Amino acid sequence: MGMVENIIIIAYLAFVGYLGFLGYKKTKNKTDYLIAGRDTHPFIMALSYGATFISTAAIVGFGGVAAWLGNSLLWLTFFNIFVGIFIAFVFLGNPTRKMGYRLDAHTFPEFLGKRYDSKFIQLFGAIIILLFMPLYAAGVLIGGTQFISLYFHVDYDMALFVFSIIITAYVIAGGLKGVMFTDALQGTIMFVAMVILLFATFNALGGVNEAFGKLDVVWNATVLEPLSNISLKELKPGGPDFMMKLSQLWGFEGWNKMPQFLSEGWLFVITSITFGVGIGVLAQPQLVVRFMTVSSKRELNRAVLIGGIFIIAMTGIIFIVGALSNAWYYEFNEGKNALQSAGAIGKVIPHFINTAMPKWFAFIFLFALISAAMSTLSSQFHTMGTAVGRDLIELVSKKDMNSTMITRLGIVIMIIFSVSLAYAFDEQPAIIARSTSIFFALCAAIFLPAFLGGLFWKGATQTGAKISMIVGFLVSSFWLLFVHFKEAKELGLAKAIFGSHSLLSGKIIFVDALVIALPLSAIAFIIVSKMTQKMDEKHLEKCFND
Amino acid sequence: MGSFDFGVSLAFWLTIFSTLLCVYYGAVNWNKGSAEKEKNVEHWAQEEDKIDEEL
């Protein structure tokens with residue numbers, strides 16, 4: 001590594017340290033520490049939301065999936081922007097902000113607990129976060145650390161140790177202010193790297209239309225012609241040609257085409273990828289809490305503009321570049337497609353950056369990936385810490401306690417737990433690799449009906465919310481453990497008990513847990529709310545009126 | 001983009017359209033919705049004073 005690179009790394013760490021310190025200086029009370037004083041700048045809020053949402057897995061993992069399955073993944077980008085930004089900020093943001101303020105809520109579980117006047121709901125929300133977010137955080141931590149140890153040629157354990165110490169320092173000292181300031185810096189780096197990547201890719205392939213046009217040629221030459229008459233059994237399981245053949249069997253017909261309607265591939269792209277992640281984002285505790293960090297609707301309005309541009313620059317660009325990497329490899333790597341060249345889905349984006357892009361850009365991109373991991377992790381640590389401190393210890397103990405101190409303690413406990421998971425599972429066992437989708441599916445099924453109903457429906461009742469959360473939890477857990485073709489297989493419980501990867505068969509096993517659990521949890525919420533006693537008028541007055 | 005089929009084209013244009021919608025909405029409402037800010041700030045000031053007193 002050269003002198004310039006060393007200086008840039010030190011400057012970056014110093015800047016992150018400075019922003020953490022700035023957060024520390026500006027943190028005077030629990031509201032500052034837990035929700036950034038409810039007075040965050042829209043630019044910082046929007047970039048923090050976006051950078052938290054987009055982890056390294058979203059760039060490397062989903063970029064690789066785009067190289068495998070093609071531009072049909074753009075449906076997820078559409079959902080990310082339309083649902084994750086437009087609907088979330090325009091329709092949910094302001095009611096959440098106002099109600100959070102009226103109820104003096106500082107965390108997402110506290111928000112739900114106070115809305116339904118139920119300690120059980122707050123505790124249940126905190127426990128779900130504490131049970132499942134560490135896995136999600138460990139997944140992000142492992143992804144980020146593997147990247148650092150590969151690039152800098154350092155030991156994995158050492159890289160993990162240093163990486164977690166840096167994040168720990170600014171999350172503990174700066175609270176949510178420190179987290180959001182550093183998120184904004186990291187989001188900016190991610191944005192710049194992605195825009196350069198898009199232009200460089202189109203430039204290398206001779207223009208926009210030429211680039212996309214080449215994908216059809218590559219599909220015919222590397223998938224259709226060589227693999228059509230070969231059976232899956234003749235190919236090495238998990239290898240590049242095996243994966244491409246599998247995509248063909250699942251109904252994919254090219255990187256510029258949608259898979260056949262209702263085929264296995266279609267169900268996977270639309271239900272698991274698009275709905276699972278695209279809708280799941282609405283009930284993510286670490287994102288919902290961002291709405292409570294701004295002081296008025298004006299900040300949310302401004303954040304819509306910034307957030308929309310940020311997200312298209314993230315998932316929009318990485319999906320397009322992922323798919324187009326097939327054309328680049330075909331042209332510059334002896335007629336091979338992306339998977340044949342890189343070896344595996346998760347390796348495509350790093351391999352592409354290292355071979356197709358100049359060395360200086362690979363270095364910038366490394367920063368973008370480290371930033372993506374750090375911004376997601378810092379928010380996860382903060383959310384888990386607040387779940388321990390604010391939602392668990394403070395709620396259970398009767399004494400008036402110092403929230404900031406307890407939350408700091410909670411953050412330390414949860415960081416140690418997540419880092420231990422990352423130490424124990426550096427080989428990325430299946431459960432960690434699937435942790436993002438598991439967390440998204442669970443959050444949506446458990447929290448979304450109660451959250452939306454709480455915001456907009458005065459007829460929603462405490463029992464309705466409780467039953468809906470329990471139904472969401474049970475149905476999504478059942479589907480993840482015993483039915484869905486990916487999670488059920490990799491979690492292994494169905495096989496251990498019933499001797500089969502899935503209790504069901506046919507195309508239904510390709511349907512995401514969220515698509516099954518969310519409607520059931522919503523129906524339970526409505527029916528039980530209609531049947532049970534309305535909430536006290538005075539309480540509703542407090543929730544809905546200033 | 002001419003080589004996209006209908007489903008992918010639709011996703012592509014909906015993505016562009018949603019981004020433009022976000023930009024348009026943000027630009028048009030750039031200065032709207034700040035009326036309640038003053039009231040909140042006042043409330044915080046009181047809260048801060050209370051905390052300072054307690055300390």
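These numbers come from the heavy atoms of this one structure, side chains and all, not from hydrogens, waters or symmetry mates. On a predicted model such as this, the values are computed, not experimentally measured, just so you know. Chain identifiers are assigned alphabetically (A, B, ...) following the order of the sequence lines, protein sequences preceding nucleic acid strands; residue numbering begins at 1 within each chain.
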Between CZ of A:Phe86 and CG of B:Leu21, what distance do you get to the nearest 0.5 Å?
->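 It is 4.0 Å, given to the nearest 0.5 Å.
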
If you round to the nearest 0.5 Å, how far is CZ of A:Arg298 from CG of B:Asn29?
->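 Answer rounded to 0.5 Å: 12.0 Å.
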
What part of A:Ile311 is in contact with chain B, defined as an atom under 4.5 angstrom from a non-hydrogen atom: side chain, backbone, both or neither?
->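 The answer is neither part of A:Ile311.
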
Qualifying residue, where the test is side-chain contact (heavy atoms from CB on, under 4.5 Å) with B:Thr15 and the options are A:Phe78, A:Phe319, A:Trp75 |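 Running side-chain contact (heavy atoms from CB on, under 4.5 Å) over A:Phe78, A:Phe319, A:Trp75 with B:Thr15 returns exactly one hit, A:Phe78.
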
A:Asp216 versus B:Ser3, closest heavy-atom pair with distance |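 For A:Asp216 versus B:Ser3, the nearest heavy atoms are OD2-CB, 3.4 Å.
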
Indicate the atoms forming the closest heavy-atom contact of A:Ile81 with B:Ser18, along with that distance.
->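 In this case the closest contact between A:Ile81 and B:Ser18 is CG2-CB, 3.7 Å.
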
A:Asn71 side chain vs B:Val8 backbone, donor-acceptor pair below 3.5 Å |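 Absent.
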
Taking the side chain as every heavy atom from C-beta outward, state whether A:Val90 and B:Tyr25 have any atom pair closer than 4.5 Å.
->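 Side-chain contact under 4.5 Å: yes.
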
Selection from A:Leu305, A:Ile85, A:Thr77 maximising heavy-atom pairs under 4.5 Å formed with chain B =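 Looking at each option in turn, the highest pair count goes to A:Leu305.
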
Look at B:Thr19, B:Ile16, B:Leu20 and state which one has the largest set of heavy-atom pairs under 4.5 Å with chain A.
->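 Max contact count across the listed options: B:Thr19.
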
